[in-house]
**Student:** 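Can you read through this structure? Questions will come right after.
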Amino acid sequence: MDTNEKMREAAQTIDALITPSLLLDRGRLERNIQRLAEHARKLGVVLRPHMKTAKSIDVARHVFPGEPGPITVSTVAEAEYFAGHGFRDITYAVGMSPASAVRAMELCRRTGADVKLLLDSVEQADALAGVREATGVTPSVFIELDCDDHRGGLKPDDPKLIEVANRIVAAGANLVGVLAHAGESYGLSTPDALVKAAEDERLATVRAADTLRAHGHACPIVSLGSTPTAHFAENLEGVTELRAGVYMFFDLVQHGVGVCDLDDIAISVLATVIGSKPEKGWVLVDAGWMALSRDRGTANQQIDQGYGVVCDEKGRVLEDVIVAQASQEHGILVIRAGSGKSMPDLPLGARVRILPNHACAMAAQHHFYSVVNGDSPRIEARWERIRGW
C-alpha cells in the first residue's frame with residue numbers, strides 16, 4: 001500500500017482525504033433504493049437491479065439487506081465478483097460472444113450460479129452448442145429485443161425471432177425469455193413522454209413473448225427496464241421483472257430527464273481549489289476528466305451542465321456554478337452563461353463536491369467510495385468497487 005492509500009485509509013473526515021476522491025452519500029443511496037423497490041412491489045414485478053453502476057458488494061448489501069437476490073451485470077468480471085459474494089441469480093445483459101459465454105458457464109460450473117446469457121442472432125444461438133460441449137453446462141439464454149431503435153436486439157415482429165428461438169433450442173440451450181432496454185428514454189424530458197415510453201417498452205416486450213409462446217416456446221421471463229421507464233411505468237401487465245441500475249445513485253442526465261432531483265444524486269467527486277483566473281471568471285480545481293470522466297451527457301439536454309454541477313463541501317448546490325472545461329487533472333469552474341450570478345468565494349484550498357453527468361462513468365474512474373451521510377464531514381466507511389472486464 002502506497003502513502004496515498006494509507007492516508008485515504010486513515011482519513012476519518014472528508015477534509016483529510018486526498019483529492020480528487022469519490023464520495024457516496026449513504027442516506028441518498030438508501031432513499032433511492034427504497035423508492036424503486038416500493039414502485040416495483042406496487043406494479044407486482046420482481047426488481048432485478050443492475051449492478052453496473054455501483055459495482056460494489058457493499059452497495060448490493062444495501063439493495064438486498066437479507067439474502068442475495070436477482071441481479072443484472074454488464075461484464076463477466078462483475079458476475080464473477082458477485083458470485084464470489086453469494087449471488088446466484090445473475091443476468092449478463094450484454095450480447096454474448098463465444099468466449100464470454102464459455103467464461104460465464106465456467107463460472108456456473110464452479111459456483112452453482114445461474115448466469116443467464118443474452119443474444120439476438122442465429123450465429124450466437126448456434127455457438128451455444130460449442131459452449132455447452134466445452135463447459136458441460138447448459139446455457140440459459142434471453143433473446144434481446146429492440147423496442148426503440150436504441151441499440152442491439154430484434155424487433156418484436158422480426159421473423160428472425162422465431163428462427164433464433166428455434167436455434168437456441170436446437171443447440172441444447174434453455175430459452176428463458178426475452179429482455180428489452182428502452183435506452184431512448186434517456187432523450188426524453190416530460191412525464192407524458194416517459195409514461196408512453198414505458199408503455200411502448202411493455203407492449204413490445206409482451207408482444208414478443210406472446211409470439212414465442214404461440215410457436216411453442218414457454219418464455220417464462222419477460223424482462224425490461226431502464227431507469228427512466230422503470231420509474232414512470234404505470235402498468236407492467238405481462239412483465240415478470242424490472243431492471244434498472246443508475247437509480248441507486250442518479251446523476252445529472254437523470255435529473256435532466258426528470259427522474260430525480262439534484263438532492264437525490266448520491267455520488268460526487270470531492271475536489272480542492274488550486275487556483276483562479278479572476279479576469280476570466282475561472283476557479284481551478286484538481287479534478288479533471290480523469291476524476292469526473294469525459295461524459296457530457298447533458299450537452300444535448302435543455303440545460304447543459306458542463307462536466308458537472310458544483311456544490312460546497314457540505315453538498316449544497318452552488319447556484320449556476322458548473323465545471324465548464326476539464327483537462328486530464330484540471331477542472332475549470334465558471335458561472336453558467338447567461339446566469340447573472342457571481343462566483344462564490346472559493347479561496348485556495350477550499351473543497352467542493354462535483355455532481356456527475358453520468359454516475360456510471362464518474363464512479364468508473366475510482367477504486368472505492370468514501371461513504372458519508374448528508375452534510376456531515378465524517379467518513380462512515382470505505383467501500384471498494386470492482387473494475388475491469
**Student:** Give the C-alpha distance, both sets of side-chain angles, the deciding distance and a yes or no for side-chain contact (heavy atoms from CB on, under 4.5 Å) between His215 and Leu161.
**Tutor:** CA-CA 10 Å; His215 286 79; Leu161 181 69; over 6 Å; no

**Student:** How would you list, by chain and number, every residue that makes a salt bridge (charged side-chain N to carboxylate O under 4.0 Å, His left out) with Asp158, sequence neighbours excluded?
**Tutor:**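 Result, salt bridge (charged side-chain N to carboxylate O under 4.0 Å, His left out) vs Asp158: none returned.
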
**Student:** With distance as the sole test, does Thr240 use its side chain to make a donor-acceptor pair with the main-chain N or O of Val222 at under 3.5 Å?
**Tutor:**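 Here the side-chain-to-backbone pair exists.
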
**Student:** To check you understand the geometry: which heavy-atom pair defines the closest contact between Gln254 and Phe250, and what is its length?
**Tutor:**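 Scanning both residues, the minimum pair turns out to be CB-CD2, 4.0 Å.
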
**Student:** Only one of Arg103, Arg110, Arg109 clears salt bridge (charged side-chain N to carboxylate O under 4.0 Å, His left out) with Glu106; which?
**Tutor:**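 Between Glu106 and the candidates, salt bridge (charged side-chain N to carboxylate O under 4.0 Å, His left out) is satisfied uniquely by Arg109.
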
**Student:** State whether the side chain of His366 and the backbone N or O of Ala291 hold a donor-acceptor pair below 3.5 Å, judged by distance alone.
**Tutor:**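 Yes, His366 side chain to Ala291 backbone: donor-acceptor pair under 3.5 Å.
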
**Student:** For the CZ atom of Arg35 and the CG atom of Asp264, what is their distance to the nearest 0.5 Å?
**Tutor:**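 Here the interatomic distance stands at 6.0 Å.
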
**Student:** I need the Lys116 NZ to Thr72 OG1 distance, nearest 0.5 Å.
**Tutor:**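 Here the interatomic distance stands at 9.0 Å.
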
**Student:** Short question: side chain of His181, backbone of Gly225 - any donor-acceptor pair under 3.5 Å?
**Tutor:**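 Judged by distance alone, yes, a pair lies under 3.5 Å.
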
**Student:** Under a 3.5 Å distance rule, please check whether Ser100 uses its side chain to pair with a backbone N or O of Met96 as donor and acceptor.
**Tutor:**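 Judged by distance alone, no pair lies under 3.5 Å.
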
**Student:** If you look at every heavy atom in Pro356 and Asp251, which pair is closest and at what distance?
**Tutor:**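 Answer, listing the atom of Pro356 first, then Asp251: O-CB, 3.4 Å.
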
**Student:** Which pair of heavy atoms, one from Thr138 and one from Ala173, lies closest together, and at what distance?
**Tutor:**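 Reported closest heavy-atom pair: CG2-CA, 4.0 Å.
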
**Student:** Using the rule that Ile, Leu, Val, Met, Phe, Trp and Tyr join whenever any side-chain heavy atoms are under 4.5 Å apart, tell me whether Met290 and Leu270 fall into a single cluster.
**Tutor:**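 Not linked; separate clusters.
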
**Student:** Does a donor on one side chain sit under 3.5 Å from an acceptor on the other, for Thr205 and Glu201?
**Tutor:**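 The answer is no; no qualifying pair exists.
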
**Student:** Under 4.5 Å between side-chain heavy atoms, counting indirect links through other Ile/Leu/Val/Met/Phe/Trp/Tyr residues: same cluster for Val45 and Leu179 or not?
**Tutor:**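 Shared cluster, no.
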
**Student:** I need the minimum non-hydrogen distance between Val102 and Thr135, along with the two atoms involved.
**Tutor:**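 Taking every non-hydrogen atom into account, O-CG2, 3.8 Å.
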
**Student:** Spell out, as yes or no, whether a donor-acceptor pair under 3.5 Å connects the side chain of Arg48 to the backbone of Ile71.
**Tutor:**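 Between the backbone of Ile71 and the side chain of Arg48 there is a qualifying donor-acceptor contact (under 3.5 Å).
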
**Student:** With the side chain counted from C-beta on, respond yes when Lys55 and Arg387 share a heavy-atom pair under 4.5 Å apart, and no when they do not.
**Tutor:**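 The answer is no, as the side chains (C-beta and beyond) never meet within the 4.5 Å cut-off.
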
**Student:** Working to the nearest 0.5 Å, report the span between OH of Tyr81 and CD1 of Ile57.
**Tutor:**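 Rounded to the nearest 0.5 Å, the OH-CD1 separation comes out at 5.5 Å.
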
**Student:** Are His358 and Tyr186 an aromatic pair by the rule of ring centers under 6.0 Å?
**Tutor:**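 His358 vs Tyr186: aromatic centres not under 6.0 Å.
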
**Student:** Is there side-chain contact between His217 and Asn166, with at least one heavy-atom pair below 4.5 Å?
**Tutor:**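 Side-chain contact under 4.5 Å: yes.
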
**Student:** Side-chain contact test, heavy atoms from C-beta onward, threshold under 4.5 Å: evaluate it for Leu119 versus Leu128 and give yes or no.
**Tutor:**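 In contact.
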
**Student:** In terms of hydrophobic clusters joined by side-chain contacts under 4.5 Å, are Leu318 and Val285 together?
**Tutor:**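 Linked, Leu318 and Val285 end up in one cluster.
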
**Student:** Report yes or no: is the cationic atom of Arg296 (NZ for Lys, CZ for Arg) under 6.0 Å from the centre of the six-membered ring of Tyr307, at an angle within 45° of the ring normal?
**Tutor:**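 Flagged: Arg296 positioned over aromatic ring of Tyr307.
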
**Student:** Could you go step by step and tell me if Ser189 and Gln301 meet the side-chain contact (heavy atoms from CB on, under 4.5 Å) rule?
**Tutor:** CA-CA 8 Å; Ser189 60; Gln301 293 186 325; over 6 Å; no

**Student:** Judged by modelled atom types alone, do Thr272 and Arg351 share a side-chain donor-acceptor pair under 3.5 Å?
**Tutor:**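 Indeed, the side chains of Thr272 and Arg351 share at least one donor-acceptor pair under 3.5 Å.
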
**Student:** Quick one: salt bridge (charged side-chain N to carboxylate O under 4.0 Å, His left out) partners of Asp149, sequence neighbours excluded?
**Tutor:**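 Scan of Asp149 (salt bridge (charged side-chain N to carboxylate O under 4.0 Å, His left out), adjacent residues dropped) gives Lys155.
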
**Student:** Does any N or O in the side chain of Arg26 come within less than 3.5 Å of the main-chain N or O of Val372, such that one atom is a donor and the other an acceptor?
**Tutor:**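 No, because the side chain of Arg26 does not come within donor-acceptor range (under 3.5 Å) of the backbone of Val372.
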
**Student:** Determine whether more than 12 heavy atoms belonging to other residues, nucleotides or ligands lie under 6.0 Å from atom CD of Gln302.
**Tutor:**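 Atom CD in Gln302 is not packed in, count stays at 12 or less.
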
**Student:** Quick one: closest heavy-atom pair of Glu234 and Leu43, and the distance?
**Tutor:**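 Scanning both residues, the minimum pair turns out to be O-CD2, 3.6 Å.
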
**Student:** Examine Phe232 and Ile33 and state if one hydrophobic cluster contains both, with Ile, Leu, Val, Met, Phe, Trp and Tyr joined whenever side-chain heavy atoms are less than 4.5 Å apart.
**Tutor:**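 Yes, it is one cluster - the side chains of Phe232 and Ile33 are joined through contacts under 4.5 Å.
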
**Student:** With a 4.0 Å cut-off on N to O distance, would you call Arg207 and Asp210 a salt bridge?
**Tutor:**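 So Arg207 does not pair with Asp210 through a salt bridge.
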
**Student:** Checking Tyr369 side chain against Ala381 main chain: does a donor-acceptor pair fall under 3.5 Å?
**Tutor:**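 A pair under 3.5 Å: no.
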
**Student:** Any donor-acceptor pair under 3.5 Å linking the side-chain atoms of Ser21 with those of Ser370?
**Tutor:**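 Judged by distance alone, the side chains do not pair up.
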
**Student:** Give a yes or no on whether the ring-centroid distance for Trp282 and His330 is below 6.0 angstrom.
**Tutor:**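 Ring centroids of Trp282 and His330 are no less than 6.0 Å from each other.
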
**Student:** Please determine if Arg167 and Glu163 form a salt bridge, counting it only when a charged side-chain N lies under 4.0 Å from a carboxylate O.
**Tutor:**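 Result for this pair is yes, salt bridge flagged.
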
**Student:** Do Ser223 and Glu241 have side-chain atoms, one donor and one acceptor, less than 3.5 Å apart?
**Tutor:**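 Ser223 vs Glu241: donor-acceptor pair found between side chains.
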
**Student:** Rounded at 0.5 Å granularity, tell me how far CD1 in Ile14 sits from CG in Leu23.
**Tutor:**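 The distance works out to 6.0 Å.
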
**Student:** With heavy-atom distances below 4.5 Å as the criterion, would you say the side chains of Asp58 and Val371 are in contact?
**Tutor:**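 Answer no - side chains too far apart.
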
**Student:** Step by step, work out the side-chain contact (heavy atoms from CB on, under 4.5 Å) result for Val321 and Ile335.
**Tutor:** CA-CA 5 Å; Val321 182; Ile335 294 294; 3.8 Å; yes

**Student:** With a 3.5 Å distance limit and no angle check, can you tell me whether Arg243 reaches the backbone of Ala180 through a side-chain donor-acceptor pair?
**Tutor:**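 It does hold such a pair.
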
**Student:** Keeping Asp120 on the side-chain end and Leu154 on the backbone end, is there a donor-acceptor pair under 3.5 Å?
**Tutor:**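 No, the answer is negative, given that no donor and acceptor are paired below the 3.5 Å cut-off.
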
**Student:** Given Val76 and Val115, is the side-chain contact (heavy atoms from CB on, under 4.5 Å) satisfied, shown in steps?
**Tutor:** CA-CA 9 Å; Val76 180; Val115 180; over 6 Å; no

**Student:** Do Pro49 and Tyr247 have side-chain heavy atoms sitting under 4.5 Å apart?
**Tutor:**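 Side-chain contact under 4.5 Å: yes.
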
**Student:** Does the side chain of Thr229 come within less than 4.5 Å of Leu224's, by heavy atoms?
**Tutor:**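 No - every pair of side-chain heavy atoms lies 4.5 Å or more apart.
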
**Student:** Would you give the length of the straight line joining atom SG of Cys360 to atom CD1 of Ile267, rounded to the nearest 0.5 angstrom?
**Tutor:**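 Here the rounded value is 8.0 Å.
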
**Student:** Under a 4.5 Å cut-off applied to non-hydrogen side-chain atoms, are Val317 and Cys311 in contact?
**Tutor:**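 Yes; the side chains approach each other to less than 4.5 Å.
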
**Student:** Between the side chain of Asp295 and the main-chain N/O of Met362, is any donor-acceptor distance below 3.5 Å?
**Tutor:**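 Pair absent, no side-chain N/O of Asp295 close to backbone of Met362.
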
**Student:** Inspect the surroundings of CG in Asp89 and state if more than 12 heavy atoms from other residues, nucleotides or ligands are less than 6.0 Å away.
**Tutor:**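 Count over threshold, so yes.
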
**Student:** With sequence neighbours excluded, what pairs up with Arg61 under the salt bridge (charged side-chain N to carboxylate O under 4.0 Å, His left out) test?
**Tutor:**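 Arg61: no salt bridge (charged side-chain N to carboxylate O under 4.0 Å, His left out) contacts found.
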
**Student:** Between Arg28 and Glu30, is the closest basic N to carboxylate O distance under 4.0 Å?
**Tutor:**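 Answer for the salt bridge query: no.
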
**Student:** Any link between Leu29 and Leu36 through a network of hydrophobic side chains (Ile, Leu, Val, Met, Phe, Trp, Tyr) touching at under 4.5 Å?
**Tutor:**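 The answer is yes; both residues are in one hydrophobic cluster.
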
**Student:** Please identify which of these residues, Leu24, Val59, Thr227, meets the side chain to side chain contact (heavy atoms under 4.5 Å, CB included) condition with Met248.
**Tutor:**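 Testing each of Leu24, Val59, Thr227 against Met248, the sole residue satisfying side chain to side chain contact (heavy atoms under 4.5 Å, CB included) is Val59.
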
**Student:** Can you give me the closest heavy-atom contact between Cys260 and Ile265, atom names plus distance?
**Tutor:**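 Between these two residues, the closest heavy atoms are SG-CG1, 4.4 Å.
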
**Student:** Are Glu199 and Lys196 within salt-bridge range, i.e. N to O under 4.0 Å?
**Tutor:**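 No.
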
**Student:** Find the distance between CG (Leu292) and CG (Leu22) and round it off to the nearest 0.5 Å.
**Tutor:**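 Between Leu292 CG and Leu22 CG, I get 10.5 Å after rounding to 0.5 Å.
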
**Student:** Any side-chain heavy atom of Leu252 sitting closer than 4.5 Å to one from Leu262?
**Tutor:**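 Answer yes - side chains close enough.
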
